[in-house]
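All heavy atoms count here, side chains included; hydrogens, waters and symmetry mates do not. First the proteins, then the strands, lettered A, B, ... as listed; each starts at 1.
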Amino acid sequence: MGQGLGAGRRAGADIGVLSRAKAGGSKYICAVSGELFSCRAPMKSWSQTFIPTLKESPSDAEIASHKLLLRAGLVRKLGGGLYTYLPAGLRVVQKISQICREEMDREGAIELAMPFVHPVDHWREGPRWAAAREIMYRVDHAGDGRRPPKEPEFVLGPTHEEIITPLVKTEITSYRDLPKNFYQIGTKFRNEIRPRYGLMRAREFIMKDAYSFDATDEAAVASYNRMKRAYGAFFSRCGLKTIAVEADTGVMGGSFSHEFMVPAPVGDDDIVYCEESGYSANREKATSGLVPPDLPDAAPDGALEEFATPGVVTIAALAAAPYHVAPDRQFKTLVYVGDGKPFLVVLRGCDDLEEAKLGALGFQLWRPATPEEIEPIMGAKPGSLGTVRGTLRNPGALAGIFADHAIRLVGNGTTGANRDGFHLRHVNVTRDLAITRWGDFRTVRAGEPDPQSGRPLKIARAIEVGHVFKLGTKYSEKFGAIYTDDQKQTHPLVMGCYGIGISRTLQAIIEQSNDADGIIWPWAVAPWQVLVVNLDPQDPAASELCRRLGEAAEAAGADVLLDDRSERPGVKFKDADLIGLPLRLTVGGKGLKEGIFELKWRTGKEVRKVPVAEAATVVAAAVREAAGRA
RNA sequence: CGGGGUGUAGCUUAGCCUGGUAGAGCGCCUGGUUUGGGACCAGGAGGUCGCGAGUUCGAAUCUCGCCGCCCCGACCA
């Protein structure tokens, strides 16, 4: 039973904690040393492992991949966003992790492992404590039974910039040590406001995170591009179709970033793209060519005029009779609070604010102002607000008035008078509006012209499975992570950070690859690649043939699961389709009499009858062919 | 955090409106008959009806509070 083991086992796998002898004398290593290491074990039989399949899916599962995770016996739920990986699910995690390691190593990244529990001071000293604290689980000190202090002594790590940067600060001080890129694969903890869809958005999840450190900006861009390349290779090897889109850097900060997205209706993000030009961006970041760069400012079309609009507090009401001001002829004024100070955003009446784009304004935290806050600031209630010079009660109290470029398309329009029940018409953008800064703040809509080709943009839902950030020096400056160059000059390290949701990738693969009968695993990530179904486990001849088929598949490099259960054939076939192993080899008394067994791919319908005499060669060829495609 | 649901056996659920012995299917256990796409027969085990108060002679059912879970929104490194 041993051939094939040596070939497939990862070099160095014996750093694992457990090794034992199996009946028959072949040894194998099962390595789980705090983290997840892949291992090859010899043929496992269904009755020896634990794959609790379900006919019906639990009622709290909504989407296909979540149902299949549960039905195929890959995971079980502990609580909202908290899941146990059962043996088959863990194997997939290990396979994905191993592919990830190989692609990271190929690009020169170095694996390490950082603690899950972080002293809170590291976060306090970092640049985003205010924003990050809300999503972190707090840990009472040392479980001594006392009530939690107002501020926790420890937090559970949602990510590791605050941990790796101080480490690198003390360990790397010379340009000679650069570049470096450290990565780890481990559990992350985030207090998601709303966990959902199984592993898709969980409170605790498995992530690969990497952090690059370079001497120069150019070198950092090169590191970034290497990671981007590694991500493409990784997802492709996992059998997952992804597209890289320009993305918002969010609280992470930094100069630019790309997300790796899996198009799927159940995704949490919208991606905006144009097939012709190749433009693609997260909706939070996406821009359109709606406003021509050479658009001349409109000339005033008349003198400012206040008019009464009793009870009109919405765009729609002003668009209706008797006013008939089309939404795209209105200026919409929104009040926000950024780091404690109010500011205004001006948009066209027909446009929506893309809140993420406010990140460009430099605030750490921002939120819509409450109606109670708005009235003292503006002198009017929401619905009658505007930014016409002279109507603002106290412009000095504002952190700024930020206008979206698209209001230039309005030219002359209507806006609130900052007096309840009154609006102003003939408002000219250049002449009348008090604007401190222009920007892109609106949400792009499908059909708007692509900024590059001018073709209509499309929008689709997608799942974010990976994200690469060029961070710059935000963290290194804050933590004082500097190095000395060959001219004895000191500089902050230029950083990048790179995440892959391993557990989310697992579920995204299922979401992208399933049918009415169950999962269809891509070869490279299948918990096992070959399922040998023994329909007559009591028959020694059938068992013997199954053993031979399994050994042949293993020798060719496949992981083999043998269904040796005393179940009826129908049950076994249904379960086989459900757990979705790529290649099924079926042995039954009926075929055995004819001297054949059956070979069937999970992706197809065709059942190929193979003479027993050709077993070894046919199985080996099938395995090699599948492995070659993967 | 707002809105809407929901909680009955391991899973899927009926019963709740209109209070009166908690039921079914799947799964599980025993025996038998079966054996190539989720078998059949017979028998059996398994329930503090989410938790806590209240109303009532009597509560799965009505009332109040709490908790869990799901969906929508907000939020999301």
Side-chain angles (χ1 to χ4, degrees), chain A residues 52-63 66-67 70-71 73 76-82 123 126-129 131-136 157-162 188-198 200-203 205 207 209 211 247-254 257 259 266-269 282 284 353 355-356 359 365-368 370 464 466-469 471 474-475 497-501 504 517-518 533-539 542 565-578 584 586-594 596-598 600 605 607 609:
Chain A
T53 56
L54 300 170
K55 270 192 200 178
E56 295 175 290
S57 43
S59 56
D60 55 9
E62 186 82 358
I63 65 174
H66 188 192
K67 290 177 181 169
L70 294 161
R71 288 192 55 213
R76 285 294 183 264
K77 182 165 81 171
L78 174 64
L82 301 169
W123 282 88
R128 54 175 168 169
W129 168 239
R133 59 190 302 180
E134 293 177 18
I135 61 124
M136 290 195 287
T159 174
H160 282 74
E161 285 79 8
E162 276 77 355
K188 295 283 186 282
F189 304 86
R190 295 184 191 176
N191 187 11
E192 288 290 348
I193 299 168
R194 189 182 156 203
R196 59 174 152 180
Y197 296 156
M200 209 63 105
R201 171 169 297 196
R203 291 191 161 112
F205 56 96
M207 179 169 166
D209 48 324
Y211 308 90
D248 181 63
T249 51
V251 178
M252 186 66 78
S257 81
E259 287 169 335
V266 299
D268 277 338
D269 290 276
N282 190 307
E284 294 181 342
L353 173 66
E355 283 204 22
L365 287 176
W366 59 91
R367 59 168 176 84
T370 63
E464 178 191 350
H467 204 155
V468 293
F469 293 88
L471 285 178
K474 175 177 176 176
Y475 293 85
C497 71
Y498 317 96
I500 287 176
R504 185 181 281 185
D517 295 316
V533 181
N534 187 352
L535 296 180
D536 295 286
Q538 310 309 322
D539 178 352
R565 297 173 300 168
S566 338
E567 290 287 350
R568 297 169 57 83
V571 174
K572 295 189 164 199
F573 290 133
K574 287 289 184 189
D575 273 347
D577 289 342
L578 178 59
R584 189 183 86 192
T586 308
V587 173
K590 214 159 105 182
L592 219 48
K593 279 176 198 146
E594 303 169 30
I596 58 111
F597 68 96
E598 291 167 2
K600 181 182 174 300
K605 284 208 177 339
V607 177
K609 297 190 173 185

Calculate the interatomic distance between [X] atom [atom1] and [N] atom [atom2]; express it in whole Å.
| X | N | atom1 | atom2 | answer |
| --- | --- | --- | --- | --- |
| A/H160 | B/rA77 | NE2 | P | 18 Å |
| A/K67 | B/rU12 | NZ | C1' | 12 Å |
| A/L578 | B/rG38 | CG | C1' | 11 Å |
| A/L78 | B/rG68 | CG | C1' | 12 Å |

For [X], which contact category applies under a 4.0 Å heavy-atom criterion: base, sugar-phosphate, or nothing?
| X | result |
| --- | --- |
| A/P158 | base |
| A/R71 | base |
| A/Y197 | sugar-phosphate |
| A/K77 | sugar-phosphate |

### Task
Output yes when A/D536 and A/K590 qualify as a salt bridge under the 4.0 Å nitrogen-oxygen rule, no when they do not.
no
### Message
At less than 3.5 Å, do the side-chain atoms of A/R194 and the base atoms of B/rC75 form a donor-acceptor pair?
### Response
no
### Task
Would you check if the side chain of A/R504 reaches a backbone N or O of A/M200 as a donor-acceptor pair within less than 3.5 Å?
yes
#### Entry: Below 4.0 Å: OP1/OP2 of B/rC72 and any side-chain N or O of A/R196
yes
### Query
Using the C1' atom in both, what is the distance from B/rC1 to B/rU13, to the nearest Å?
33 Å
### Query
Reading nucleotides 25-36 of chain B from the 5' end, what letters show protein touch, with B for base, S for backbone sugar-phosphate only, - for no heavy atom under 4.0 Å?
BSS------BSB
### A/H467 side chain reached by A/I500 side chain, heavy atoms, under 4.5 Å
no
